[in-house]
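Numbers for residues simply follow the sequence, beginning at 1. The figures here come from the full heavy-atom set of this structure, side chains too, leaving out hydrogens, waters and symmetry mates.
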Amino acid sequence: MEKKRSFPKFLGIALIILVIIGAFVGWKAYQTFIGPSVTDKEEFFYVHTNDTYDLVFARLKSQGIVRHPDLFDFAAKKMNYPSGIKAGRYKLTPGMNNRRLIGNLRGGYQEAVKFRFANVRLKENFAGLLGKSFEADSTMFNDILNNEAVAEQYGFTKDNFFSMFIPNTYDIYWNTSPDKIVARFNDEYKKFWTDERQQKAQAINLTPVEVATLASIVKGEALHIDEMPKIAGLYLNRLRKGMLLQADPTVIFANNDFTIRRVLNRHLTIDNPYNTYRYKGLPPGPIMMPSIASIDAVLNPADHDYIYMCAKADFSGYHAFAVTVSEHLVNARQFQKALDARNIKK
């Protein structure tokens, strides 16, 4: 009887080795492309304009974005990412694999910045806010906000350019250039000034820019939104009568001293076109960025005969309104006494 041939021992060992190698290669491929890679150390990864792959990889490694940088590097080169760097702000999800991350980076699938702004006092404050939110720094934004030629391009002057920026929330890509961001704000400005709003501006004999300028004064005066239409009505009454606006917030702006809590006679003497105690009519531009509420208050003013107001003595943030000088003086004395009682001298 013929003996069965036995399977050579070395072939069995070789087969085991091949299986082990195959399993290792498969595991390595899994870890490289499909396995969890992104850590929870950062919410976003930023790729700057003109970055090279080496810079991107160095930043990714130094920030601990992925668990195994060497595997990311291998996958990135296999997926040809070094030849397709795209600037942007990329959302990171803990556990995201290299294939997905590299696909997003290579495809430029970034997440827009939800840029929200309100209660901005000065252009340099706005430039700082923009610089913190986007790739360009605050100096670049400050330069463009104070550029007369840019302002004229959109139909404004350098003084009233601030009225073009309507406080709201905007989705804008992080690496958008400053000039394109400003163009975006101009698009939103045009949408904001609907036919209805323009007709209301015409009805009170003001241009949209003048409405924004007056709205900035109303915003500076009002601590409560529900009082804005009443304050707007008062200033419109003064404009119609050809009276000085005599708005304290314009004096504070003219003095460039925002620590002033009590406007004194020495503050009123400054020779500055924004000082509405000396110069009749509206100032050259907004004294702060007007809010939508203050703009709509000017467009929908309360109908009354008041031409005087001062802060209430109870420090509620509301105002005491008056038609005559004598009524106003009574209100003013009460408020001055309240200031003295609290030892507020400046």
Side-chain angles (χ1 to χ4, degrees), residues 117-130 141-167 182 185-186 189-190 192-193 197-198 200-202 204-222 228 231-260 263 266-299 301 307:
F117 60 96
N119 301 317
V120 181
R121 184 183 290 280
L122 301 171
K123 281 193 249 186
E124 48 262 44
N125 300 141
F126 191 43
L129 191 61
L130 287 161
F141 284 108
N142 197 53
D143 288 345
I144 204 168
L145 291 172
N146 287 289
N147 189 309
E148 188 74 54
V150 173
E152 289 177 357
Q153 175 186 339
Y154 293 107
F156 298 86
T157 66
K158 188 171 70 172
D159 288 325
N160 62 36
F161 195 25
F162 218 22
S163 62
M164 191 185 83
F165 303 92
I166 307 296
V182 170
F185 287 131
N186 181 251
Y189 176 82
K190 291 175 182 176
F192 175 81
W193 278 99
R197 282 194 171 104
Q198 292 192 51
K200 287 182 176 181
Q202 291 173 5
I204 57 175
N205 201 30
L206 295 178
T207 65
V209 169
E210 290 171 332
V211 168
T213 300
L214 181 53
S216 73
I217 297 173
V218 170
K219 187 175 185 300
E221 288 279 15
M228 285 183 174
I231 295 173
L234 182 147
Y235 283 127
L236 287 169
N237 287 344
R238 295 184 77 92
L239 284 174
R240 293 189 192 105
K241 292 175 181 290
M243 299 174 66
L244 289 166
L245 290 183
Q246 295 184 325
D248 287 357
T250 67
V251 176
I252 294 170
F253 181 87
N255 280 271
N256 193 32
D257 183 357
F258 302 103
T259 65
I260 296 173
V263 174
R266 62 184 172 85
H267 298 130
L268 305 179
T269 59
I270 188 169
D271 187 8
N272 185 299
Y274 284 88
N275 181 0
T276 57
Y277 277 81
R278 293 193 64 169
Y279 289 86
K280 193 175 288 187
L282 292 166
I287 59 169
M288 64 177 62
M289 186 181 288
S291 63
I292 291 176
S294 65
I295 291 172
D296 284 340
V298 173
L299 295 175
I307 53 175

Looking only at heavy atoms, the pair that brings Glu221 and Ala247 closest together is OE2-CA, 4.0 Å
Is there side-chain contact between Leu239 and Asn205, with heavy atoms separated by less than 4.5 Å? no
Mind checking whether Ile260 and Asn255 have side chains closer than 4.5 Å, heavy atoms only?
yes
Quiz item: Are Tyr277 and Asp248 linked by a side-chain donor-acceptor pair shorter than 3.5 Å?
Solution: yes
_Any non-hydrogen side-chain atom of Trp193 less than 4.5 Å from a side-chain atom of Ile295?_
yes
* With the threshold set at 4.0 Å, does a side-chain nitrogen-carboxylate oxygen contact exist between Arg197 and Asp296? -> yes
ask   = Please walk me through it: do Val182 and Ile144 pass side-chain contact (heavy atoms from CB on, under 4.5 Å)?
value = CA-CA 9 Å; Val182 170; Ile144 204 168; 4.1 Å; yes
Quick one: are Thr213 and Ser163 in side-chain contact, heavy atoms under 4.5 Å? no
Rounded to the nearest 0.5 Å, the CD1 atom of Ile166 sits from the NZ atom of Lys190 at a distance of 13.5 Å
Under the side-chain contact (heavy atoms from CB on, under 4.5 Å) criterion, do Phe141 and Leu129 qualify, and how do the steps go?
-> CA-CA 9 Å; Phe141 284 108; Leu129 191 61; over 6 Å; no
Residues Pro249 and Ile287: closest non-hydrogen pair is CB-CD1, 3.5 Å
- For Ser216 and Pro290, indicate whether the former's side chain and the latter's backbone hold a donor-acceptor pair under 3.5 Å. no
dist Asn119:CG -> Met288:CE (nearest 0.5 Å) comes out at 8.5 Å
Smallest heavy-atom separation, Ile270 atom then Asn275 atom, equals O-ND2, 2.9 Å
Walk me through whether Leu122 and Phe162 qualify under side-chain contact (heavy atoms from CB on, under 4.5 Å). CA-CA 9 Å; Leu122 301 171; Phe162 218 22; 5.6 Å; no
If you define the side chain from C-beta out and look only at heavy atoms, does anything of Tyr274 sit under 4.5 Å from Asp159? yes
Shortest non-hydrogen pair, Pro167 vs Ser291, comes out as CG-CA, 4.2 Å
What one should report as the nearest heavy-atom pair of Arg238 and Leu244 is NE-O, 2.7 Å
Output for pair (Gln153 CD, Phe161 CZ), nearest 0.5 Å, gives 8.0 Å
Residues passing the salt bridge (charged side-chain N to carboxylate O under 4.0 Å, His left out) test with Lys123, sequence neighbours excluded, are none
Point to revise | Check: Leu214 and Leu236 side chains under 4.5 Å, non-hydrogen atoms | key: yes
Tyr189 and Pro208 have their tightest heavy-atom pair at OH-CB, 3.6 Å
Rounding to 0.5 Å, atoms CE (Met164) and CG (Leu145) come to a distance of 8.5 Å
Rounding to 0.5 Å, atoms CG (Asn146) and NZ (Lys158) come to a distance of 6.0 Å
Requested in this report: Decide ring-ring contact (aromatic ring centres under 6.0 Å, His included) for Tyr154 and Phe185; before the verdict, give the C-alpha distance in whole Å, the side-chain angles of both, and the deciding distance to 0.1 Å.
Outcome: CA-CA 11 Å; Tyr154 293 107; Phe185 287 131; over 10 Å; no
| task | Measure the shortest side-chain to side-chain distance between Pro283 and Ile217 over non-hydrogen atoms and say whether it is less than 4.5 angstrom. | result | yes
Rounded to the nearest 0.5 Å, the CD1 atom of Ile307 sits from the OH atom of Tyr235 at a distance of 12.5 Å
message = If you count heavy atoms of other groups shown closer than 6.0 angstrom to CG of Asp271, is the number above 12?
response = yes
Donor-acceptor pair between Thr157 and Asn160 side chains, under 3.5 angstrom: yes
